[in-house]
Amino acid sequence: MLRLYHVLLGVILLVVFTPLGFVKYALPYLSSNNQSQPTPGQANAAQNQPQTTSSNSQPNQGNIWKSILGQTSAPAGWRVAACDGNAPLLCVSSNKNILGTVEIGVYPLENQPNFQQMLAKAGIPPSSNVDYQKAQYQNQLATALKLWVADHYSILEKDRRSVYSDRIIFSAQSPQPISVGKLQGIRYRFLGIQQKGGIEEQHLGYVAFDGKALYVITTAFDPGSQTAQFQKLENFQRFEPFLSATVKEVNLPK
């Protein structure tokens, strides 16, 4: 009884002497422990905020997908829409569950010295004011974009070799021409294949140029990615042809 009396007395003193401000602070903090945990889709969306640098990409002006997304294509029962928030992500969902995301990066030419050299190598001085959509420049632009993809593949292969050594085989597919809205673009795709034949990772990308900036659209099945990825390989592979159809309908150039 003595111990119970001490406990009751302590509770009374705490109620009487505790400042009201502390109660206002403590109660929300304590009650937060009883809130439900985020769903996998919410957690995925929170984790998939892209890391960009101001020197390479345009300032964050909201999710660009909201302004360029045209007619979309998806398997029956799936939905494709710009994700909420400012991250440049396209959400692919089914029954309100996010299956994967697609990211777009916009890289101003003035911050891309390597691509400027590729344009020059293809016969287009980057400082010249030319209309890249004219037929006379289409072949040269395609050459420059293929040079960009080849350089991208080279960087990825070196990176994967340093990470996987000989455990994973890097397999890049030949780039294919594709329309990115009204822009001429290139579709590229590469895989990381396990020695026993399984797929470790699979990536899909599109790159286009409007004379002022490079547009790079990417998604993947890659357990190591934090953005632009599908958690399940079968969902990624099922959506792959539909993404190409969606990319053809984007509102580019702006």
Side-chain angles (χ1 to χ4, degrees), residues 64-65 68-75 78 80 88-90 92 100-107 109 112 114-115 117-119 121-124 131-160 168-193 199-211 213-222 225 227-230 233-253:
I64 186 177
W65 283 113
I68 70 167
L69 188 61
Q71 183 177 348
T72 62
S73 182
W78 290 26
V80 179
L89 296 175
L90 189 66
V92 182
T101 55
V102 181
E103 184 174 10
I104 182 169
V106 184
Y107 305 97
L109 179 61
Q112 303 299 312
N114 287 344
F115 188 64
Q117 294 176 11
M118 294 171 189
L119 286 171
K121 187 178 293 186
I124 304 177
D131 184 352
Y132 289 88
Q133 306 313 308
K134 287 187 176 180
Q136 66 189 89
Y137 295 110
Q138 292 300 292
N139 290 337
Q140 292 166 301
L141 180 56
T143 298
L145 291 174
K146 289 178 181 178
L147 288 172
W148 184 92
V149 172
D151 182 66
H152 187 56
Y153 279 164
S154 177
I155 294 171
L156 290 171
E157 185 174 9
K158 291 177 182 177
D159 174 74
R160 295 312 191 265
I168 305 296
I169 301 171
F170 182 85
S171 176
Q173 297 187 350
S174 298
Q176 301 294 325
I178 190 173
S179 297
V180 179
K182 294 181 180 180
L183 297 176
Q184 179 183 194
I186 294 290
R187 177 183 184 270
Y188 60 94
R189 186 171 178 267
F190 67 92
L191 299 87
I193 304 173
I199 295 178
E200 179 74 16
E201 59 178 312
Q202 186 171 335
H203 294 251
L204 178 64
Y206 306 82
V207 59
F209 180 62
D210 67 355
L214 273 170
Y215 295 86
V216 184
I217 299 171
T218 56
T219 191
F221 164 73
D222 181 5
S225 292
T227 184
Q229 56 94 16
F230 283 72
L233 177 61
E234 56 267 31
N235 288 336
F236 170 83
Q237 292 178 333
R238 186 179 180 189
F239 183 65
E240 188 173 342
F242 294 94
L243 179 57
S244 292
T246 297
V247 165
K248 291 179 180 179
E249 299 298 329
V250 297
N251 296 314
L252 288 176

Which value, rounded to the nearest 0.5 Å, describes the distance between I124 atom CD1 and M118 atom CE? 13.5 Å
Does S73 form a side chain to side chain contact (heavy atoms under 4.5 Å, CB included) with V80? I'd like the steps, not just the answer. CA-CA 7 Å; S73 182; V80 179; over 6 Å; no
Please examine the side chains of F236 and Q202, heavy atoms only from C-beta on, and report whether any two atoms are closer than 4.5 Å. yes
Residues that Y188 engages under side chain to side chain donor-acceptor pair (under 3.5 Å), provided they are two or more places apart: none
Tell me every residue that passes salt bridge (Lys or Arg N to Asp or Glu O under 4.0 Å) with E201, counting only those two or more places apart in sequence or in another chain. R160
Return the minimal non-hydrogen interatomic distance between V149 and P175, and the atom names on each side. CG1-CB, 4.2 Å
Can you tell me how far the CG atom of L252 sits from the CD1 atom of I217, to the nearest 0.5 Å? 7.0 Å
Once the angle between the rings of F209 and F115 is folded into 0 to 90°, is it parallel (under 30°), tilted (30 to 60°) or perpendicular (over 60°)? perpendicular
Tell me if a side-chain donor or acceptor on Q184 pairs with a main-chain N or O of Q138 at a distance below 3.5 Å. yes
Sorted by chain and residue number, the side chain to side chain donor-acceptor pair (under 3.5 Å) partners of S171 (sequence neighbours excluded) come out as none
Here the gap from T218 atom OG1 to I104 atom CD1, rounded to the nearest 0.5 Å, amounts to 9.0 Å
Within the structure provided, determine whether L214 and W148 are in side-chain contact (heavy-atom separation under 4.5 Å). yes
Check: F221 main-chain N/O paired with S225 side-chain donor or acceptor under 3.5 Å: no
Is the backbone N or O of A150 less than 3.5 Å from a side-chain atom of S154, with the two atoms forming a donor-acceptor pair by type? no
With sequence neighbours excluded, residues passing side chain to side chain donor-acceptor pair (under 3.5 Å) with N235: none
Can you find a heavy atom in the side chain of L90 that is under 4.5 Å from one in the side chain of L69? yes
Can you label the angle between the H152 ring and the F190 ring as parallel, tilted or perpendicular, going by 30° and 60°? perpendicular
What is the distance from atom NZ of K121 to atom CG of L147, rounded to the nearest 0.5 Å? 6.0 Å
Go through D210 and Y215 one step at a time and tell me if the side chain to side chain donor-acceptor pair (under 3.5 Å) criterion holds. CA-CA 8 Å; D210 67 355; Y215 295 86; 3.0 Å; yes
Heavy-atom closest pair (Q112 atom, Y107 atom, distance to 0.1 Å) is NE2-CB, 3.6 Å
Return the OG1 to CH2 distance between T72 and W78, rounded to the nearest 0.5 Å. 13.0 Å
All pairs passing salt bridge (charged side-chain N to carboxylate O under 4.0 Å, His left out) where residues 180-193 contributes a residue, at least two apart: R187-E240, R189-E240
Taking T101's backbone N and O only, do any of them form a donor-acceptor pair with T219's side chain (distance below 3.5 Å, no angle check)? yes
Check whether any side-chain heavy atom of L89 lies under 4.5 Å from a side-chain heavy atom of V102, and answer yes or no. no
Determine the minimum heavy-atom distance between F239 and P75, stating which atoms define it. CD1-CD, 4.1 Å
For the OH atom of Y153 and the NE2 atom of H203, what is their distance to the nearest 0.5 Å? 11.0 Å
Any salt bridge (charged side-chain N to carboxylate O under 4.0 Å, His left out) involving residues 135-157? Give me the pairs, sequence neighbours left out, ordered by first then second residue. E157-R161
Please test L119 against L109 for side chain to side chain contact (heavy atoms under 4.5 Å, CB included), starting from the C-alpha separation and ending with a verdict. CA-CA 10 Å; L119 286 171; L109 179 61; 4.1 Å; yes
V92 side chain near L243 side chain, heavy-atom distance below 4.5 Å: no
Under the side chain to side chain contact (heavy atoms under 4.5 Å, CB included) rule, what do I199 and L191 come out as? Steps first, then yes or no, please. CA-CA 7 Å; I199 295 178; L191 299 87; 4.0 Å; yes
Apply side chain to side chain contact (heavy atoms under 4.5 Å, CB included) to the pair F170 and I193, showing each step before the final yes or no. CA-CA 7 Å; F170 182 85; I193 304 173; over 6 Å; no
